[in-house]
Structure formats: structure tokens, C-alpha cells
Amino acid sequence: MSTESTSAIVRNQVDLLDFIDWTGVECLNQNTTHPYPNALKQGYREDEGLNLESDADEQLLIYIPFTQVIKLHSIVIKGPEEEGPQTVKLYTNREHMGFSNVSDFPASDTLALTPENLKGKPVILKYVKFQNVRSLTIFIEDNQCGSDVTKVHKIILQGTTVETTDMKGLKKIEDH
């Protein structure tokens, strides 16, 4: 089912994995033995035995910069039925967010994940709010059962790249 639902996304949408700037990815409150690559990176996220886990409490804050501007269409967040994320807030183009200031900014979208979402059903986003995305911050506020540990098996970001103009390649048009 999960393979079918993730591939049934709107045509022309791709997994944006290849456009993530891995040198800038950060995850706050991750358990060091269960870090973010387990849920985000190719090869790791396909392994059902690996997951991202929170450490001190149920919250996670993941910052994902992109190598080019993207349009984000949908997100897949897979996790276990009990400890999987429930309330997820997405922020676009916000750098240096922490747990102390995450509530100071309005979320671009707030998701309430269902058991179907945790099994791989994509959440279609408010597309107009995700048009020129240079970075995405994912704030996992709580989990399904209210426990102290949140677990994420897989995160897939689906969308397209934005065709940008190389401003250096443009030549000035002379007035006649």
C-alpha cells in the first residue's frame, strides 16, 4: 500500500531528495543513536528497522535547506501507530529556529497526521504557500499517544524545482 500511495502523487511531482543541501540539514532533540538520516537519506529511510527518534521529549525540529528553489506539493511522514508524529508544523524559508522561538512565527501549514498518513498516505499541502521554498523547517510538536519518544520511519518531500533565471547571463537592452 505505501509504495502505491507514494507513487500515486500528482504527475510531474518528484521526490526532492536530490535537491537537499545535506551539509546544512539540522535536527534538534534527536536521539544520537537514531539520527535524522534514518528518516531522510536514500538507503536508510527504506530500511524498516531504522528510524529517527526524539531524545529529551516528544518534540523534533528539523531544518532542511535546498540546493535550489523548489515548489513543495506534498509530504509523506511515516511512523509507528503509537509513537508516530501527530501535530506537524511546516515553516518555509526560516533559518535558525529553535524550540524557544518556534511559536513566535506563523506556520506555513499545520498538519494533523492520521494513522493512514503514518502508513504512507501523502499530505497535500497548501500549494500557494510553498511556491518559492529555499528551506523547510519541520516542527513535530507531539505524537499519537502522548509518550515522551516520537519515532519517524520516513520523510518524503514531493514537489518540483523552480526554473530560475540566471541574472548574470542577461544583457542590458540599450534605449533607442
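All heavy atoms count here, side chains included; hydrogens, waters and symmetry mates do not.
- Hydrophobic cluster membership differs between Tyr63 and Ile75, with clusters built from Ile, Leu, Val, Met, Phe, Trp and Tyr side chains linked at under 4.5 angstrom.
- Under the 4.5 Å side-chain criterion, counting only non-hydrogen atoms from C-beta, Gln86 is in contact with Gln144.
- Cluster annotation: Tyr91 and Ile77 are assigned to distinct hydrophobic clusters (Ile/Leu/Val/Met/Phe/Trp/Tyr, side-chain heavy-atom contacts under 4.5 Å, transitive).
- In this structure, a donor-acceptor pair under 3.5 Å is absent between the side chains of Ser54 and Asn29.
- Rounding to the nearest 0.5 angstrom, the gap separating the CG atom in Asn12 from the NZ atom in Lys71 is 11.0 Å.
- Under the 4.5 Å side-chain contact rule for hydrophobic residues, Val25 and Ile70 share a cluster.
- Note: Lys151 NZ to Leu50 CG = 12.5 Å, rounded to the nearest 0.5 Å.
- Summarising the local packing, OH of Tyr44 is surrounded by 12 or fewer heavy atoms from other residues, nucleotides or ligands at distances under 6.0 Å.
- Side-chain contact between Val88 and Ile140 is present, with heavy atoms from C-beta onward closer than 4.5 Å.
- The shortest side-chain heavy-atom distance between Ile155 and Ile62 falls under the 4.5 Å cut-off.
- To the nearest 0.5 Å, atoms CD1 (Ile64) and OG1 (Thr137) are separated by 8.5 Å.
- Once rounded to the nearest 0.5 Å, the distance linking OG1 of Thr150 with NE2 of His34 reads 13.5 Å.
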Listing, residues 122-131 side-chain donor-acceptor contacts under 3.5 Å, not counting sequence neighbours, or none:
residue	atom	partner	partner atom	Å
Gln131	NE2	Tyr127	O	2.8

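- Note on Leu111 and Leu61: separate hydrophobic clusters, where clusters join Ile, Leu, Val, Met, Phe, Trp and Tyr whose side-chain heavy atoms are under 4.5 Å apart, directly or indirectly.
- Counting all heavy atoms, side chain and backbone alike, Leu60 lies closest to Cys27 at CD2-SG, 4.0 Å.
- By the rule that hydrophobic residues join a cluster once side-chain heavy atoms approach within less than 4.5 Å of another member, Leu90 and Leu52 end up as members of one cluster.
- With values rounded to the nearest 0.5 angstrom, Leu113 atom CG is found 13.5 Å from Lys78 atom NZ.
- The side-chain heavy atoms of Leu40 and Trp22, taken from C-beta on, include a pair separated by under 4.5 Å.
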